[in-house]
Amino acid sequence: MIWNLTKNTAFYALVTLIVVLAVFPFYYAIITSFKTGSNLFTVEYFPSTFSLENYVSVINAGSFTRNLLNSLIVSTLVVLLALLIAVTASFALARVRFRGRSLLLLTILSVSMFPQIAVLAGLFEVVRFLGLYNTLWSLVFSYTIFTLPFTVWVLTTFMRDLPIEIEEAAIVDGATPWVIITKVFLPLMWPAMVTTGLLAFIAAWNEFLFALTFTSSTEVRTVPVTIALLSGASAHEIPWGTIMAASVIVTVPLVVLVLIFQRKIISGLTAGGVKG
């Protein structure tokens with residue numbers, strides 16, 4: 001009895017420690033975003049005064065709202081393109097038998113093994129050749145390339161576990177491959193699609209290197225670059241309060257999305273097929 005109590009206490013203490021370590025940076029960013037002046041350099045875990053000055057400054061300064069909209073547009077387009085291509089590709093890789101299928105899937109997955117910096121120069125030349133430099137399409141193009149390996153791999157694995165009898169019944173009823181994909185498989189793949197789509201959205205939303213390299217004008221930049229380029233009244237001043245306020249504004253949508261789709265995310269990560 002005492003051993004079980006000790007074990008449970010140690011387990012919940014460890015869980016509490018992990019949660020505190022994971023949540024504390026975001027909590028400290030929130031309370032810092034409400035500080036101004038010399039209060040920014042005062043360590044207070046439970047501040048007594050709050051000010052919205054930093055949030056007003058971020059929203060009114062420069063083109064932050066435009067950059068926020070740019071991030072939303074780019075991330076949404078990346079998710080739509082990645083899921084559209086991944087669903088059709090996963091159907092071919094999971095259901096259509098052809099020579100070299102496994103090698104092709106491993107080749108697609110191997111693309112994600114290269115760090116972004118390793119392909120930055122080559123991808124920059126491709127973007128410039130296509131005339132996409134300093135446009136949102138350059139980001140959509142580059143983000144989709146690095147998002148596809150993960151989405152194709154996850155959806156292919158998920159589709160392989162779906163019963164073949166479902167597809168055979170649809171073929172007997174005269175369904176075309178496109179009807180099978182859209183009417184039969186899509187309803188069954190929603191958990192996996194939500195999981196991969198949300199992870200693709202977060203990756204595109206937070207990406208910094210390509211956004212910094214492929215855009216040059218303020219109107220085309222996304223929020224990670226905008227936050228990194230925030231400056232104070234002088235070259236030696238770092239506006240920590242403004243940076244924290246901008247970071248909170250950028251992080252809140254991701255937290256909301258995770259909370260809304262948390263059940264779908266869990267089922268998408270754990271589901272291995274249809275059980276009946």
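Please read these numbers as outputs of a predicted model, since none were measured by experiment.
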Single-linkage hydrophobic cluster, 4.5 Å side-chain cutoff, [X] and [Y] together:
X: Phe208; Y: Val140; result: no
X: Leu123; Y: Phe129; result: yes
X: Val74; Y: Leu229; result: no
X: Val56; Y: Ile227; result: no
X: Val255; Y: Val248; result: no

State whether the side chain of [X] and the backbone N or O of [Y] hold a donor-acceptor pair below 3.5 Å, judged by distance alone.
X: Ser57; Y: Glu53; result: no
X: Thr135; Y: Leu132; result: yes
X: Trp205; Y: Val250; result: yes
X: Ser33; Y: Ile30; result: yes
X: Thr215; Y: Leu212; result: no
X: Glu207; Y: Ala211; result: yes
X: Arg221; Y: Ser216; result: yes

Do [X] and [Y] come close enough that some side-chain heavy atom pair is under 4.5 Å?
X: Asn54; Y: Val58; result: no
X: Thr156; Y: Phe91; result: no
X: Met159; Y: Ser90; result: yes
X: Thr196; Y: Phe158; result: no
X: Leu254; Y: Asn206; result: yes

- Item | Phe141 ring center near Trp137 ring center (under 6.0 Å) |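 Judged by ring-centre distance (under 6.0 Å), Phe141 and Trp137 do not meet the cut-off.
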
- Distance flag, aromatic centroids of Phe124 and Tyr133, threshold under 6.0 Å: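 Distance test on ring centres: under 6.0 Å, yes.
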
- Message: Please find the pair of heavy atoms, one from Ala192 and one from Leu155, that lie closest to each other, and give the distance.
- Response: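 For Ala192 and Leu155, the tightest heavy-atom pair comes out as CB-CD2, 3.8 Å.
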
- Item | Test log, rule side chain to side chain contact (heavy atoms under 4.5 Å, CB included), inputs Val256 and Leu259 | CA-CA 5 Å; Val256 172; Leu259 292 177; 5.8 Å; no

- Which one of Thr242, Val223, Leu69 satisfies the side chain to side chain contact (heavy atoms under 4.5 Å, CB included) criterion with Phe64?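 The single option meeting the side chain to side chain contact (heavy atoms under 4.5 Å, CB included) with Phe64 is Val223.
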
Kindly compute the distance separating [atom1] ([X]) from [atom2] ([Y]), expressed to the nearest 0.5 Å.
X: Arg128; Y: Phe214; atom1: CZ; atom2: CZ; result: 11.5 Å
X: Ile249; Y: Leu68; atom1: CD1; atom2: CG; result: 7.5 Å
X: Lys183; Y: Thr176; atom1: NZ; atom2: OG1; result: 10.5 Å
X: Thr222; Y: Leu139; atom1: OG1; atom2: CG; result: 6.0 Å
X: Ile85; Y: Thr151; atom1: CD1; atom2: OG1; result: 8.5 Å
X: Leu81; Y: Leu84; atom1: CG; atom2: CG; result: 7.0 Å

- Item | Verdict with supporting geometry, Phe34 and Tyr55, ring pair (Phe, Tyr, Trp, His ring centres under 6.0 Å) | CA-CA 8 Å; Phe34 290 108; Tyr55 289 92; 5.3 Å; yes

- Message: Under 3.5 Å, is there a donor on one side chain and an acceptor on the other for Asn134 and Ser217?
- Response: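 The answer is yes; a qualifying pair exists.
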
- Between Phe26 and Thr251, is a side chain to side chain contact (heavy atoms under 4.5 Å, CB included) present by the stated rule, with each step listed? CA-CA 9 Å; Phe26 185 59; Thr251 307; 3.5 Å; yes

- Task: Tell me, please, which residues at least two apart from Val15 pass side chain to side chain contact (heavy atoms under 4.5 Å, CB included).
- Result: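 Partners of Val15 under the side chain to side chain contact (heavy atoms under 4.5 Å, CB included) test: Phe11, Val19.
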
- Message: My understanding is that only residues two or more places apart in sequence, or in another chain, count here; which of them pass side chain to side chain contact (heavy atoms under 4.5 Å, CB included) with Leu80?
- Response: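 Scan of Leu80 (side chain to side chain contact (heavy atoms under 4.5 Å, CB included), adjacent residues dropped) gives Thr76.
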
- Item | Test side chain to side chain contact (heavy atoms under 4.5 Å, CB included) applied to Thr195 and Trp190, step by step | CA-CA 8 Å; Thr195 302; Trp190 270 116; over 6 Å; no

- Item | Sole residue of Asn70, Asn67, Thr218 in side chain to side chain donor-acceptor pair (under 3.5 Å) with Thr226 |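 For Thr226, the side chain to side chain donor-acceptor pair (under 3.5 Å) test succeeds with only one of Asn70, Asn67, Thr218, which is Asn67.
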
